[in-house]
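Side chains are part of it too, since the values below use all heavy atoms of this structure and drop only hydrogens, waters and symmetry mates. Every chain is numbered from 1, with letters handed out A, B, ... down the list of sequences.
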Amino acid sequence: MAEQDKLITNLSSALKNGETDEAKQMTQKALDQGLEPLAIIEEILVPALTEIGEKFQKFEIFLPELMMAGEAAEAMTAIVEKATLEAGQPSLNKGTVILGQVEGDMHDIGRNIVGTLLKSHGFKVVDMGRDVPASAFLDAAEKEEADIIALSALMTTTLPAQKRTINLFSEVRKREEFFIVVGGGAVSEEWAKEIGSDGYSVDAAGAVELCKSLMKK
Amino acid sequence: MKHTTRLLDIVERSLRGPLMDEEDFNDQHVTQGLARVVKEFDIKVSQDQIVNQDDALADRVWEAAVDFLSECGVYCQTTNRVIEFSKKEIIDILRYAPDTVIVGQGTDAVQEYARKIDDPRRPLLMGSSIGTPIEDEYFIPSMISYIQEPEVDVTMAPTLTNIYGYDIRTRSPLEILSSWREVELTLEAMRRAGRPGMAFTGIGSSISDVGQLSADGPGGLRQTDLHTFGIVSELKTSYEILNKLTHILQRDGVVDPYANPIYGGLGGGMDGQAVLITAAMIALNVVFMATCVGTSPTHPFNFNDTGKELLIPSGLSFQAIARNSKLMSNLTNTPVGGPGTKTLLYECIALTVMMTVSGGSRILGPRSATGSITGHFSGLEARFTGELLTAAAKLDRAKAEEIVQKAYAKYEADLTTQPYGKHFKDVYDLKTVQPTKEWQTMYDEVKNEAAGWGLSFD
């Protein structure tokens, strides 16, 4: 038991330090020792990444460290997910999120933060990148059988593209099939309501909570 | 055209530079590069002192920024190549940077110049909401509220929320129409305010090259106006951006670009941020041939630049530039507070005083309420900023630090609650385009308080 406790502690440290190779090895070892996949996620991954997320919010760590931890978490989740499916258990994926900057918006960094935190909390994230046309969001949503579409706009001049993207989903009668959330520096709660989104968050941590709450609906 | 040779050189480098994946550029060039120079040049930024008093630190930030940029380069997203310049090339190019420029026309023309630390000359003020959205009916009155202020030297339009009832769409006829509409309305506002020759920055409504280029020419943005574009954070460009630059150069316009590093992003904390802001502004001149170099470093959650984590590295960066180059640098003031709040006015004091004594050439804004709340801005905060520029130019860094700390203590707690204040129509009389009594009283009270701290508004 002491050895297992040590493994859990070390795995948590590897995750927080963004040591992907070590995290992968220890995850496999934990599974081999009989730890339940769900326990690995809920008792190791989620607390470690919650701590990392909180440290980022307080600027005790920065984006590079956050992304390294996110990469380690993604690798770890893939191993756990594979073991889960092989055991005939349901997927641990909390939901699939299509994430991107709307058409005309050329920013990256804020979206990277949101994507990393979502992945860290068990969501499958399809990052469409910057300057994404409305039709590309729709195509990706259908192809990936997404749950949530997350539209980011950092510039006031690109806000209409959020509205246009939501309108396209409505026009092709797909609006009810997906949750659509909006965020980014230019977005206000008032705007989010006006364009008929399903939610808005002022920051990355809030985006994770928003997506979690939508998946419970 | 004087810059053709340099422009072709940039294009050549964008076609022949090292091929690289963008993620690798972010990680290996930017993040690791900054970590290296922060260590090598011993960049340790004060966590509390807002106005840097250490010249040796400012010089090390400069050296670190030049070293970093020479190793990092600027990434071209179109060709996936790195535009590289050696340290010697960077220093050689900076020698030829302009140190003064006249913008605007006739009696409304003003001169911008490179300033030094504790320079007694007042920086310029671009009084504007800088692209904050506003409804059509308030567009001209709100612009007049800035242009009519004698303290305002140059201006920029807010953003139209639609064009003739249509949502504006990038790279479409609607974007071209909105670019033209922005120019038409701005010229009309300046004419009505009696300052038709004032320079304005454009084109804010336009994101794409086609939108900007269309209204930058006869009947549109004038040669004597400020021709702006932003580069992509961190240290990235594309042919769309270089297309804008090419057009501005062909017009022999004033090249006025900006780079907005994100705090806590690839540059990490305050140490890396100070180097990154400096390097980005150097790159604006070296790679983008800027006449004036601008920045608006951004907080990733609050979207302002008036917290300590950005005031401190920004000030240090401006001092590094002022001590080691003749670049004309400008800083955008993006407070969380909006009109009708004292928070906004205290934020104006801290950032404006810090920038003035740190050698900045021009301040932009205030982009009140983070520039994201429709109509939450007014000319009164620009008037106050202009008065602060004059008063702060009489200070040295030690006195400035004292005043900035007093102002900061007044609004620090509001940075997360973000009091966005009121809409323009609720803080101004729309017939007279003058502040309401309530907003005017608030301004008078804060101004009196600041005078008590040692700012001389005489």
Steps toward side chain to side chain contact (heavy atoms under 4.5 Å, CB included) verdict (B:Ile241, A:Met106): CA-CA 11 Å; B:Ile241 292 169; A:Met106 305 306 286; over 6 Å; no
Heavy-atom contact with chain A under 4.5 Å, split by part of B:Thr31: side chain
Chain A contact via B:Leu266 - side chain, backbone, both or neither, heavy atoms under 4.5 Å: both
Could you grab the distance from atom [atom1] of [X] to atom [atom2] of [Y], nearest 0.5 Å is fine?
X	Y	atom1	atom2	result
B:Ile262	A:Ile113	CD1	CD1	8.0 Å
B:Ser172	A:Glu103	OG	CD	8.5 Å
A:Ser188	B:His376	OG	NE2	9.0 Å

Can you name the closest pair of heavy atoms from [X] and [Y] and give their distance?
X	Y	result
A:Ile109	B:Gly265	CG2-CA, 4.3 Å
A:Val202	B:Phe303	O-CE1, 3.9 Å
A:Thr156	B:Gly131	OG1-O, 3.0 Å

A:Lys24, NZ: over 12 other non-hydrogen atoms inside 6.0 angstrom: no
Residue A:Glu189 excluded, over 12 heavy atoms near CD under 6.0 Å: no
Heavy-atom pair count under 4.5 Å with chain A, highest-scoring of B:Ser233, B:Gly272, B:Ser372, B:Gly264: B:Gly264
Proximal component of A:Glu190, with respect to chain B [non-hydrogen, under 4.5 Å]: neither
Ignoring hydrogens and angles, write down the donor-acceptor pairs under 3.5 Å from the side chains of residues 124-136 of chain A, residues two or more places apart or on other chains.
residue, atom, partner, partner atom, Å
A:Lys124, NZ, A:Glu144, OE1, 3.0
A:Asp127, OD1, A:Arg111, NE, 2.8
A:Asp127, OD1, A:Gly129, N, 2.8
A:Asp127, OD2, A:Arg111, NE, 3.3
A:Arg130, NH1, A:Asp108, OD1, 3.2
A:Arg130, NH1, A:Asp108, OD2, 2.5
A:Arg130, NH1, B:Glu22, OE2, 3.0
A:Arg130, NH2, B:Glu22, OE1, 2.7
A:Arg130, NH2, B:Glu22, OE2, 3.4
A:Asp131, OD1, A:Gly104, N, 2.6
A:Asp131, OD1, B:Arg171, NH1, 3.4
A:Asp131, OD1, B:Arg171, NH2, 3.3
A:Asp131, OD2, B:Arg171, NH2, 2.5

Side chain to side chain contact (heavy atoms under 4.5 Å, CB included) evaluation trace for B:Val232 with A:His107: CA-CA 7 Å; B:Val232 178; A:His107 295 81; over 6 Å; no
Derivation and outcome, side chain to side chain contact (heavy atoms under 4.5 Å, CB included), residues B:Ile207 and A:Thr158: CA-CA 8 Å; B:Ile207 304 163; A:Thr158 56; 3.2 Å; yes
A:Phe59 side chain reached by B:His299 side chain, heavy atoms, under 4.5 Å: yes
Among A:Ala205, A:Gly185, A:Ala186, residue most engaged with chain B (heavy-atom pairs, under 4.5 Å): A:Gly185
For chain B, the option from A:Leu159, A:Leu63, A:Ile61 that forms the most heavy-atom pairs under 4.5 Å: A:Leu63
Side-chain donor/acceptor of A:Thr157 to backbone N/O of B:Gly204, under 3.5 Å: no
Pairing of B:Asp167 and A:Lys163 as salt bridge, 4.0 angstrom limit: yes
